[in-house]
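Okay, structure first, notes after.
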Amino acid sequence: MSVRRMRDGDVETVRDLLRRLWSDSGDYDFAGETVFVWDRGDGVVGGFVSVSIRPWAEGCASEPVAYIEGWFVDEDLRRRGAGAELLEAAENWARERGFTEIGSDAEFDNDISVIAHLQLGYRRTTRLQFFKKDLTREGP
Ligand SMILES: CC(C)(COP(=O)(O)OP(=O)(O)OC[C@H]1O[C@@H](n2cnc3c(N)ncnc32)[C@H](O)[C@@H]1OP(=O)(O)O)[C@@H](O)C(=O)NCCC(=O)NCCS
């Protein structure tokens, strides 16, 4: 089992994993992102991380900055270091391109992701609350 770059034939599997993280991600287009996968050893993907270059990111000082867009490991593979190796691959990818920081995020109540980030060397930066307003309705 090891980390490798995503191949064309992996895309549907990675999309399936992504839909388990974000149910509305549909046929997600990974254009502009570099994706590393966790190969179970038989070519079958059991996890992935995707990294992009963002013009800026909350809490990061450098611009542009590398950013973790998605990170998922299949339930049966968790707590065996796959997640850590995937993140390391993304970090190395960024480091090799001269980036000195990498940003990431997790939903406020995703305790496991928060713990894993902290354990793997990430530190908390800004906390944000998102809002939206329906502009098709009158009034506040
Ligand atoms: C977050 C996730 C990718 C971690 O993958 P993983 O393969 O289990 O991670 P690792 O085994 O490399 O764990 C790295 C460290 O994180 C911490 N950690 C991971 N899962 C943990 C858990 N359930 N409870 C406590 N600590 C945990 C541990 O410190 C662990 O190191 P250790 O096992 O040596 O103690 C995985 O839990 C996952 O896919 N979760 C659902 C999707 C998700 O929330 N993704 C992140 C979106 S921001």
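Both ligands and their constituent atoms are indexed starting at 1 by order of listing. Positions are given from 1 along the sequence.
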For atom 6 (P) of ligand 1, state which one of A116, G46, A84, G83 supplies the nearest heavy atom.
G83
Return yes or no for this condition: an N or O of W71 is under 3.5 Å from an N or O of ligand 1.
yes
In this structure, does ligand 1 have an atom that sits under 4.0 Å from one of the heavy atoms of D111?
no
Shortest protein contact, atom 39 (O) of ligand 1 (heavy atom only)
V73 N, 2.8 Å
State, yes or no, whether a side-chain contact exists between E69 and V35 at a heavy-atom distance under 4.5 Å.
no
Show the atoms of ligand 1 that are less than 4.0 angstrom away from any heavy atom in D105.
48 (S)
From CG (N110) to CD1 (I115), nearest 0.5 Å
9.5 Å
The atoms of ligand 1 lying under 4.0 Å from a heavy atom of G81, numbered in the order shown, are 10 (P), 11 (O), 12 (O)
Reported CH2-to-CD distance for the pair W93 and E88, which is rounded to 0.5 angstrom:
16.0 Å
Can you classify the ring geometry of F30 versus F48 as parallel (below 30°), tilted (30 to 60°) or perpendicular (above 60°)?
perpendicular
Any non-hydrogen protein atom below 4.0 Å of atom 26 (N) of ligand 1?
yes
Can you find an N or O of A106 that's nearer than 3.5 Å to an N or O of ligand 1?
no
Could you tell me whether N110 approaches ligand 1 through its side chain, its backbone, both or neither, with non-hydrogen atoms closer than 4.0 Å?
side chain
Salt-bridge test for R4 and D10: reply yes if a basic N is under 4.0 Å from a carboxylate O, no otherwise.
yes
Could you go step by step and tell me if D39 and V45 meet the side-chain contact (heavy atoms from CB on, under 4.5 Å) rule?
CA-CA 5 Å; D39 189 320; V45 170; over 6 Å; no
How long is the gap from CZ on F72 to CG on L86, to the nearest 0.5 Å?
12.0 Å
Would you call the rings of H117 and Y122 parallel, tilted or perpendicular, taking 30° and 60° as the class edges?
perpendicular
Short list, please: which atoms of ligand 1 are under 4.0 Å from a heavy atom of L21?
42 (C), 43 (C), 44 (O), 45 (N), 47 (C)
Compare every heavy atom of S52 with every heavy atom of E33, then report the nearest pair and how far apart it is.
CG-CB, 4.1 Å
May I ask whether atom 16 (O) of ligand 1 is less than 4.0 Å from at least one protein heavy atom?
yes
Any side-chain heavy-atom pair of W38 and E85 under 4.5 Å:
yes
With only distance considered, is I115 within less than 3.5 Å of ligand 1 through an N or O on each side?
no
Does R80 approach ligand 1 within less than 4.0 angstrom via side chain, backbone, both or neither, non-hydrogen atoms only?
backbone
Considering only heavy atoms, which of Q119, R20, R79 lies nearest to atom 18 (N) of ligand 1?
R79
For ligand 1, the portion of I68 having any non-hydrogen atom under 4.0 Å away:
neither
The answer for which part of R78 has a heavy atom under 4.0 Å from ligand 1 is both
Does atom 13 (O) of ligand 1 have a protein heavy-atom neighbour under 4.0 Å away?
no
Quick check for you: to the nearest 0.5 Å, what is the distance between S113 atom OG and L21 atom CG?
8.5 Å
